[in-house]
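Hydrogens, waters and symmetry mates play no part in the numbers below; they use all other heavy atoms, side chains included. Since the structure is predicted, the reported quantities are computational estimates derived from the model, not experimental observations.
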Amino acid sequence: MVISDAARGRIDAEIAKYPRKRGALLPPLHIVQEELGHVAPETAREVAEIFELHPVDVMEVVSFYNMFFATEQPRHHVYVCTNLPCSLRGARHLYAQLKSHLSVDADGNSADGRIRLGHEECLGACAYAPMMRVDGVYHEDLDLEGAKAVVDGLE
């Protein structure tokens, strides 16, 4: 069993909030990923059993949403918004410079394996462009030095 008893208790509490069990699938996937760092196929099998689904149904959800990961991930996730307002204020240049600064490989991982760098189409903070999200925290109105300070300060 991959999912801990504590996580299973939290999952059961989430399921109880929904009239149909399947409607509760997203919160338990967050719980599993929070605990294990990703939702691997063996974990998806356990989740599928809980929800009386096929494992492929769970993995379809994992692969559809960009907040879930099917493989092990670096400790930190950094996403630079590259939508039009952010791009007009230098976000694409910022993104390219961060890739170079972190020595990011083809998979988006930094040379030291601590950071995954990617871009998002929109992070919904256009008035504060350019911006990036680091581990769920927004950093707005950035320049290159500010962005470097944020990523360099990650443990």
Side-chain angles (χ1 to χ4, degrees), residues 1-87 89 91 94-95 98 102 104-110 112-142 146-147 149-155:
M1 179 172 242
V2 178
I3 301 172
S4 72
D5 290 338
R8 181 57 197 258
R10 291 176 60 202
I11 290 169
D12 290 341
E14 287 298 326
I15 291 171
K17 296 176 184 176
Y18 290 79
R20 295 183 60 213
K21 187 185 273 191
R22 186 176 181 137
L25 184 57
L26 292 178
L29 289 175
H30 283 288
I31 291 167
V32 167
Q33 185 163 282
E34 177 185 307
E35 179 176 70
L36 303 172
H38 64 291
V39 182
E42 60 270 13
T43 311
R45 279 192 287 281
E46 284 187 48
V47 172
E49 287 176 20
I50 294 167
F51 282 87
E52 300 168 0
L53 298 170
H54 296 286
V56 70
D57 296 328
V58 174
M59 289 309 292
E60 284 176 343
V61 173
V62 170
S63 67
F64 178 79
Y65 290 103
N66 66 358
M67 75 276 253
F68 296 121
F69 305 101
T71 59
E72 288 188 45
Q73 296 292 303
R75 187 174 341 151
H76 301 287
H77 287 242
V78 176
Y79 296 101
V80 176
C81 181
T82 56
N83 207 345
L84 185 59
C86 283
S87 290
R89 295 200 59 205
L94 178 83
Y95 178 64
L98 282 177
L102 295 169
V104 170
D105 65 18
D107 293 326
N109 298 324
S110 63
D112 62 8
R114 295 179 313 113
I115 298 171
R116 180 177 201 102
L117 177 67
H119 69 91
E120 290 281 353
E121 190 57 33
C122 183
L123 291 172
C126 300
Y128 306 103
M131 58 97 50
M132 66 184 184
R133 184 181 66 206
V134 179
D135 299 334
V137 177
Y138 282 25
H139 299 270
E140 303 164 332
D141 199 21
L142 290 168
V150 171
V151 297
D152 288 348
L154 296 172
E155 296 176 6

For the atom pair [atom1] ([X]) and [atom2] ([Y]), what is the distance rounded to the nearest 0.5 Å?
X: Leu123; Y: Arg133; atom1: CG; atom2: CZ; result: 5.5 Å
X: Leu26; Y: Tyr18; atom1: CG; atom2: OH; result: 7.5 Å
X: Gln73; Y: Leu36; atom1: CD; atom2: CG; result: 13.0 Å
X: Glu34; Y: Leu29; atom1: CD; atom2: CG; result: 12.5 Å
X: Ile115; Y: Leu102; atom1: CD1; atom2: CG; result: 5.0 Å
X: His30; Y: Tyr65; atom1: NE2; atom2: OH; result: 9.0 Å

Looking at every heavy atom in both [X] and [Y], which two are closest together, and how far apart are they?
X: Cys122; Y: Cys81; result: CA-SG, 3.7 Å
X: Ala7; Y: Ser4; result: N-OG, 3.0 Å
X: Gly146; Y: Leu142; result: C-CD2, 4.0 Å
X: Ile31; Y: Ile11; result: CD1-N, 4.0 Å
X: Pro85; Y: Ala129; result: O-CB, 3.8 Å
X: Ala70; Y: Pro41; result: O-CD, 4.3 Å

Checklist entry - Would Asp141 and Arg89 satisfy salt bridge (charged side-chain N to carboxylate O under 4.0 Å, His left out), going step by step from the backbone distance to the final call? => result CA-CA 9 Å; Asp141 199 21; Arg89 295 200 59 205; 3.5 Å; yes
Checklist entry - So do Val104 and Leu98 actually touch side chain to side chain, heavy atoms under 4.5 Å? => result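 Leu98 vs Val104: side chains apart.
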Between [X] and [Y], is there a donor-acceptor pair closer than 3.5 Å when you use the side chain of the first and the backbone of the second?
X: Glu140; Y: Tyr138; answer: no
X: Gln33; Y: Met67; answer: yes
X: Asp105; Y: Gly108; answer: yes
X: Glu46; Y: Ile3; answer: yes
X: His76; Y: Glu155; answer: yes
X: Lys21; Y: Ile50; answer: yes
X: Glu121; Y: Thr82; answer: no
X: Ser63; Y: Met59; answer: yes
X: Asp152; Y: Ala149; answer: no

Checklist entry - When you look at Glu120 and Asn66, which way does the side-chain hydrogen bond (donor to acceptor under 3.5 Å, both in side chains) test go after all the steps? => result CA-CA 10 Å; Glu120 290 281 353; Asn66 66 358; 3.2 Å; yes
Checklist entry - Around atom CZ of Phe68, are there more than 12 heavy atoms of other residues, nucleotides or ligands at under 6.0 Å? => result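 Atom CZ in Phe68 is crowded, with more than 12 foreign heavy atoms closer than 6.0 Å.
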Next on the checklist: Does His54 have more than 12 heavy atoms from other residues, nucleotides or ligands lying within 6.0 Å of its NE2?
Outcome noted: no
Checklist entry - Should the pair His77 and Tyr79 be assigned to parallel (<30°), tilted (30 to 60°) or perpendicular (>60°) ring geometry? => result tilted
Item to check | Ring geometry between His119 and Tyr95 (parallel below 30°, tilted from 30 to 60°, perpendicular above 60°) | outcome: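 Perpendicular.
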Checklist entry - Who passes side-chain contact (heavy atoms from CB on, under 4.5 Å) against Asp112, sequence neighbours left out? => result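 With sequence neighbours excluded, Asp112 shows a side-chain contact (heavy atoms from CB on, under 4.5 Å) to Ser110, Arg114, given in chain and number order.
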Checklist entry - Between Arg116 and Asp107, is the closest basic N to carboxylate O distance under 4.0 Å? => result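 Not counted as a salt bridge, because no side-chain N and carboxylate O are separated by less than 4.0 Å.
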Next on the checklist: If you apply the rule side-chain contact (heavy atoms from CB on, under 4.5 Å), what do you find for Val39 with Phe69, and how did you get there?
Outcome noted: CA-CA 6 Å; Val39 182; Phe69 305 101; over 6 Å; no
